[in-house]
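Have a look at this one.
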Amino acid sequence: MTLEEKRNRIDWLSDKLNEASRAYYADGIEIITNFEYDEMYDELLALEDETGYIREDSPSINVGYETAAGLPKIVHEIKMLSLNKTKDRDELREWLGDQTGLLSWKLDGLTVGLTYENGRLVQGVTRGNGVEGELITANTLVCENIPKTIPHKGRVIVRGEAVIRYSDFEKINEAIDDTDAKYKNPRNLCSGSIRQLDPAVTAERHVRFYAFTLTLSEGVDMNSRRDKMEWMRTQGFDVVDYVMVDRNNLLDEIDKYEAAIPDFDIPSDGLVLTLEDSGYAKTLGETAKYPKDSIAFKWRDQNAETVLREIEWSPSRTGLLNPVAIFDPVELEGTTVSRASVHNINIMEDLALGIGDTVRVYKANMIIPQLSDNLTRSGNIEIPEVCPVCGGPTRIRDDEGTKTLICTNPDCLAKHVKSFEHFVSRDALNIEGLSESGLLKLIGTGAIRRFPDLFRLENHRDEIVSLEGFGEKSYDNLVASAERASHTTPARLLYGLGVPGIGVATSGVIARACRNNWNEIQNLDEDALKDIDGVGAVMASDYTAFFADEDNKAMISELLTMLDIDESYEAAGTRVEGKTFVITGSLEHYSNRKELQAEIIAEGGKTTGTVSEKTDYLITNNPGSGSAKNRAARELGIEIITEDQVREMLGLAE
């Protein structure tokens, strides 16, 4: 390249890396992979070193991200610099030389500085761009393990990483029904949580803080990093896990950390090596971006070359179609990998992906499969014009530069995944092992299109086993769970069908009213339904319309050939068998009417919500009342009895 071409390349790399950083840190969007970012960053450093041309906004001299709008800004008393990094173990050992160091996790969250005066937390601030950060004092006060007060009364500045643990992250996502609203990773969620304008939101997110640096400590004189770490511990801080190392044991300790990754609950993207002698470290100084007394060690991602066979467009219930690369299986970090998300059309185009291309695959942070490079770059992928699920038209959506593919058909099956999720839920058919994301994958492969398909998954064994998150064991467990679920009850099936307005309790009431006879359940008319307690006119109309629908009738008929429905019905007694009761007014012996209803049903009776000619008894503790039900009972000659009288009939009188 000529000098001009190199300068143009530097401009392009700087713009691309800055754009990626803004998207990642401020918006939580990944527009290029971690591998691509590191590769482009290393190329930028080499070109800047070669040409001497460094832009003022170059990622090589700027730290972090620009502060966001909305939060107050504050200039750091002592700059909060980033760390230089390496992926080479021998280079790390050479950097340490004859010194002793502290080796610790490099936690993947948001770097935060805390200031204490007279033993009280008075300021919390994010790293921001290293010179200026965001004031987040109110938010730090609600973090789970940040001490509001410490024993030491001198001025103290502690720096550390705010993080959300994987276990807490998973619980937060489990509570979100909408797959597309789920958070992508703990780091992004933590960043958004700690920089919230509303501290109440921060408090809900289980943000934790792990101290790693004692920047200022008035009245405490220590030159040992280890002593500073232990001193912070005595003040009530959780400190990042660390070990003491020298050039002789450094590599062994790195191996131990690497072996601990699968069971480590805190997000981490590497290790940090810091010189133990902080007095000596001060003499080394710093660059514009990095201190010289610490260095980050990033895990070297294991790469493998393979052949791209297909781009699968995985659906979401909002209509988003996510590109997934399908390639010849390769071994990475001890597991077989054959799929990797491409995230969006931008990344697919940047890699110029084509069927038959030779691609490089790695696991980001040794966990998530990613494409790192395309050696062939044929670029022959055609973006589908129709949705692979429903055949409806697709459209490319440009969301502030990020291009995604969406299905425009409002009736797309994938958009109705909630009905499948309801059908397999615990109170319905209870098919374990099928989350919304798992159901979407099965829909995307065509394995399920209607409820009955869930009971013939063996017809799609090979496709299911190859899906990310499934495999042989998961497939076997899923099929076994479907088999168990096929032995069900009328109440579970009725609830699972998703009849409008029919919840768990009402399904049980209707099933008991029909003595668990499924044929009677699906053929109830509106009058019979309205006689059942808790079923009103609108619900009855929706119910009958659901079972009259020809598609529903065909689907239910097919389901019945696959299910073993236990229609047995045994009342605990027969004291009021065949009698129909209506309950009105307040009760003395029961906290609510449903408790008395249960007693009546247990003795063979029925309860309804409306007085009619079919009613045998009206139960009320105020027989002389002029209420509508009392008047109706008197007009129809229905016997009015009290709560004590019905309890006597039920054999419950004291």
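Numbers for residues simply follow the sequence, beginning at 1.
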Do side-chain atoms of S425 reach the backbone of H422 as a donor and acceptor pair under 3.5 angstrom? yes
Practice problem: Could you tell me whether a side-chain N or O of D373 sits under 3.5 Å from a main-chain N or O of R360, the two making a donor and an acceptor? | Solution: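 Between the backbone of R360 and the side chain of D373 there is no qualifying donor-acceptor contact (under 3.5 Å).
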Is a side-chain donor-acceptor pair under 3.5 Å present for E134 with T126?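 Short answer, yes.
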| field | Residue list, salt bridge (charged side-chain N to carboxylate O under 4.0 Å, His left out) with E312, at least two apart or on another chain | value |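 Checked E312 against salt bridge (charged side-chain N to carboxylate O under 4.0 Å, His left out); matches are R339.
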Note to self: Keeping T111 on the side-chain end and R127 on the backbone end, is there a donor-acceptor pair under 3.5 Å?
What the structure shows: no
_Is any side-chain heavy atom of Q522 closer than 4.5 Å to one of L524?_
no
**Prompt:** For the residue pair W518 and F547, does the interplanar ring angle fall in the parallel (under 30°), tilted (30 to 60°) or perpendicular (over 60°) class?
**Reply:**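 It falls in the perpendicular class, over 60°.
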Q. Does any N or O in the side chain of N380 come within less than 3.5 Å of the main-chain N or O of I355, such that one atom is a donor and the other an acceptor?
A. yes
field: Nearest-0.5 Å distance, CG of residue N322 to OG1 of residue T404
entry: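 The OG1 atom of T404 is 8.5 Å from CG of N322, to the nearest 0.5 Å.
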Indicate yes or no for a side-chain donor-acceptor contact from N517 to the backbone of C514 under 3.5 Å, with no hydrogens or angles considered. no
Task: S372 and N303: side chain donor to acceptor below 3.5 Å - done: yes
Taken in chain and number order and not counting sequence neighbours, the residues that satisfy side-chain contact (heavy atoms from CB on, under 4.5 Å) with E472 are R461, V465
Rounded to the nearest 0.5 angstrom, the CG-OG distance for L454 and S486 is 11.5 Å
Here the gap from I521 atom CD1 to L493 atom CG, rounded to the nearest 0.5 Å, amounts to 8.0 Å
* Looking only at side chains, do T489 and D566 share a donor and an acceptor under 3.5 Å apart? ->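 Distance-only check fails for T489 and D566.
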query = Within a radius of less than 6.0 Å around CD of E4, do more than 12 heavy atoms belonging to other residues, nucleotides or ligands occur?
reply =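 No, CD of E4 has 12 or fewer neighbouring heavy atoms, counting only those of other groups under 6.0 Å.
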Under a 3.5 Å distance rule, please check whether T394 uses its side chain to pair with a backbone N or O of E385 as donor and acceptor.
yes
Check whether the side chains of D328 and T306 place a donor and an acceptor atom closer than 3.5 Å, and report yes or no.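 Checked: D328/T306 side chains show no N/O donor-acceptor pair below 3.5 Å.
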When you measure from the side chain of N344 to the backbone N and O of I347, does any donor-acceptor pair fall under 3.5 Å? yes
Item checked: Pair T445-E463, side-chain donor/acceptor within less than 3.5 Å ->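 Judged by distance alone, the side chains do not pair up.
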Treating R492 as the side-chain partner and R426 as the backbone partner, does any N or O pair qualify as donor plus acceptor under 3.5 Å?
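Looks like yes, one N/O pair under 3.5 Å.
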**Asked** Does a donor on one side chain sit under 3.5 Å from an acceptor on the other, for N519 and N523?
**Response**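 Yes, N523 and N519 have a side-chain donor paired with an acceptor closer than 3.5 Å.
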Within the supplied structure, the quantity of interest is the number of heavy atoms (other residues, nucleotides, ligands) at a distance under 6.0 Å from E458 CD; does it exceed 12?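 Yes - once you tally the heavy atoms of other residues, nucleotides and ligands closer than 6.0 Å, there are more than 12.
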**Asked** Step by step, would you call S167 with D265 a side chain to side chain contact (heavy atoms under 4.5 Å, CB included)?
**Response** CA-CA 7 Å; S167 53; D265 196 29; 2.7 Å; yes
**Request:** Could you give me the CA-CA distance, side-chain angles and deciding distance for F420 and L442, then say whether side chain to side chain contact (heavy atoms under 4.5 Å, CB included) is met?
**Result:** CA-CA 11 Å; F420 283 95; L442 295 179; over 6 Å; no
Worksheet item: Donor-acceptor pair, S191 side chain versus R187 backbone, under 3.5 Å?
Response: no
